[in-house]
Amino acid sequence: QLGAVLRLPNVASAGFAILSTEAEGHASPSAIRSFRRLAPHMEQAGALGQLVEREVLTRMALLNALEHKADGVILLNESGRPVFVNGAATEILNANDGLQYESDAFVTRRSAETRKLQRMIGDAISASLGAGDRPGGQMLVTRLSGKRPFVLRVLPVPRTERFRTENRIACMIYLQNLAKVSMPTKESLSRVFGFTQREADLGIELLCCIDLEAAAASAGMACNTARNHLQSMFRKSATATQAKLLQLIGRLA
């Protein structure tokens, strides 16, 4: 047999061997010399394959996290075309309520807003490519329904952080629906802070009612019981006031 130990990234190693049958006999001197010349290239190929696999797994994990984000996220390639749209952004675009994607461009209800948005996208992509220094921006998008506007942010993706894919990501659009009230789940409050079921119930009602008495009534508990739960929630979340507690748990939405 001919064999080599290949050094891989992160102090890893791998073995590579070519086996021959008894009839084939031992490798010739020329075959051994060829294998020695080939071994460094196999080591480089193995290292590159490991790096590519790690990057693909990282990319999949990031996109999965963006898909489950409550706010809208759209990733654009260097041509300004969407290569990823999460569920929240798809819902906003499909609602036809002030922001759409048509004829390979994002358009809004008002032409001035459309021009501003397209200019920000162009600036962000140019900055990502190293051809400009205006890093996108943010704006409000008026809605046809008269509901509160969308907050839209356009951000360039640093060149060092872009995924090495055929459709390289150069720009990100972040959409926030001000008319949509997001609430953390009771399960997330229990997992993150260790709240009991009733403490999690009270936390959700406090976000809706603010007032402790009203929240206690909505949660179906006595006010004194709610106060006891609140003190326990302070300890578990390392907060000292109701306002700071609500600010903290609201960020899980």
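Since we're looking at a predicted model, the values are computed, not measured.
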Query raised in the report: Okay, side chain of Glu199, backbone of Met233: is any donor-acceptor separation there less than 3.5 Å?
Result: no
Query raised in the report: Of all heavy-atom pairs between Met172 and Val157, which one has the smallest distance, and what is that distance?
Result: N-CG2, 4.3 Å
Query raised in the report: What about Leu38 and Val5, same hydrophobic cluster or not, with Ile/Leu/Val/Met/Phe/Trp/Tyr joined at side-chain heavy-atom distances under 4.5 Å?
Result: no
Query raised in the report: Does the pair Ile121 and Lys116 meet the rule for a side chain to side chain contact (heavy atoms under 4.5 Å, CB included), with working shown?
Result: CA-CA 9 Å; Ile121 292 174; Lys116 182 177 181 180; over 6 Å; no
Requested in this report: Return yes if some donor-acceptor pair links the side-chain N/O of Arg143 with the main-chain N/O of Gly98 below 3.5 Å, else return no.
Outcome: no
**Report entry** Separation of Leu175 CG from Glu91 CD (nearest 0.5 Å)
**Finding:** 11.5 Å
Requested in this report: Taking the side chain as every heavy atom from C-beta outward, state whether Leu202 and Thr225 have any pair of such atoms under 4.5 Å apart.
Outcome: no
Query raised in the report: Are Met120 and Phe106 side-chain neighbours, meaning at least one heavy-atom pair lies under 4.5 Å?
Result: no
Query raised in the report: Is there side-chain contact between Phe16 and Leu2, with at least one heavy-atom pair below 4.5 Å?
Result: no
**Report entry** Worked check of side chain to side chain contact (heavy atoms under 4.5 Å, CB included) between Tyr174 and Leu152
**Finding:** CA-CA 6 Å; Tyr174 181 86; Leu152 187 149; over 6 Å; no
Query - Chi angles and distances behind the side chain to side chain contact (heavy atoms under 4.5 Å, CB included) call for Tyr101, Arg81 - result: CA-CA 10 Å; Tyr101 183 77; Arg81 293 174 180 264; 4.1 Å; yes
Report task. Would you check, one step at a time, whether the test side chain to side chain donor-acceptor pair (under 3.5 Å) holds for Gln197 with Ser190? Result -> CA-CA 7 Å; Gln197 183 64 41; Ser190 297; 5.1 Å; no
Requested in this report: Please test Arg33 against Ser30 for side chain to side chain donor-acceptor pair (under 3.5 Å), starting from the C-alpha separation and ending with a verdict.
Outcome: CA-CA 5 Å; Arg33 289 193 297 270; Ser30 62; 4.9 Å; no
Query raised in the report: Could you state the interatomic distance from CD1 (Ile125) to CD1 (Ile169), rounded to the nearest 0.5 Å?
Result: 12.0 Å
Requested in this report: Answer with yes or no whether the hydrophobic clustering places Val151 together with Leu75; edges join I, L, V, M, F, W, Y residues whose side-chain heavy atoms lie under 4.5 Å apart.
Outcome: no
Requested in this report: Hey, could you give me the OG/CD distance between Ser218 and Glu213, rounded to the nearest 0.5 Å?
Outcome: 12.0 Å
**Report entry** Heavy-atom side-chain contact between Leu189 and Pro184 under 4.5 Å
**Finding:** yes
Query raised in the report: Heavy atoms, side chains only, cut-off 4.5 Å: are Arg115 and Thr108 in contact?
Result: no
**Report entry** Ion pair check, Lys147 and Asp97, cut-off under 4.0 Å
**Finding:** no
Query raised in the report: At their closest point, which heavy atom of Phe35 faces which heavy atom of Ala4, and how far apart are they?
Result: CE2-CB, 3.9 Å
Query - ILVMFWY network linking Met183 to Leu252, side-chain heavy atoms under 4.5 angstrom - result: yes
Query - Atom pair CZ/OG of Arg235 and Ser237 - distance to nearest 0.5 Å - result: 10.0 Å
Query raised in the report: Hey, does Ile173 have a side-chain heavy atom less than 4.5 Å from the side chain of Arg153?
Result: no
Query raised in the report: What do the steps show when you test Asp201 against Arg198 for side chain to side chain contact (heavy atoms under 4.5 Å, CB included), and what is the final call?
Result: CA-CA 5 Å; Asp201 291 339; Arg198 294 302 281 153; 3.0 Å; yes
Query raised in the report: Just by modelled atom types, is the Lys244 backbone N or O under 3.5 Å from a matching donor or acceptor in the Gln247 side chain?
Result: no
Query raised in the report: If Ile, Leu, Val, Met, Phe, Trp and Tyr residues are connected whenever their side-chain heavy atoms lie under 4.5 Å apart, and connections chain through other members, are Leu6 and Ile18 in the same group?
Result: yes
Query raised in the report: Does Leu178 belong to the same Ile/Leu/Val/Met/Phe/Trp/Tyr cluster as Phe150, with side-chain heavy atoms less than 4.5 Å apart forming each link?
Result: no
Query - Any donor-acceptor pair under 3.5 Å from Ser20 side chain to Gly25 backbone - result: yes
Report task. First locate atom CD of Glu24, then atom OG1 of Thr21, and finally report the distance between them rounded to the nearest 0.5 Å. Result -> 3.5 Å
Requested in this report: Using a 4.5 Å cut-off on heavy atoms from C-beta on, say whether the side chain of Gln242 contacts that of Leu230.
Outcome: yes
Query raised in the report: Are the side chains of Asp211 and Leu206 in touch, meaning some heavy atoms are under 4.5 Å apart?
Result: no
**Report entry** Gap between atom CG of Asn96 and atom OG of Ser145 - 0.5 Å precision
**Finding:** 10.5 Å
Query - Shortest non-hydrogen contact between Leu212 and Ala226, atoms and distance - result: CD1-CB, 4.0 Å
Query - Identified side chain to side chain contact (heavy atoms under 4.5 Å, CB included) partner of Ser128 from the options Cys171, Pro156, Pro135 - result: Pro156
Requested in this report: Could you walk me through whether Ser188 and Thr185 pass the side chain to side chain donor-acceptor pair (under 3.5 Å) test, one step at a time?
Outcome: CA-CA 5 Å; Ser188 64; Thr185 64; 3.1 Å; yes
**Report entry** Partner of Ile74 by side chain to side chain contact (heavy atoms under 4.5 Å, CB included), out of Leu93, Val154, Asn86, Ile92
**Finding:** Leu93
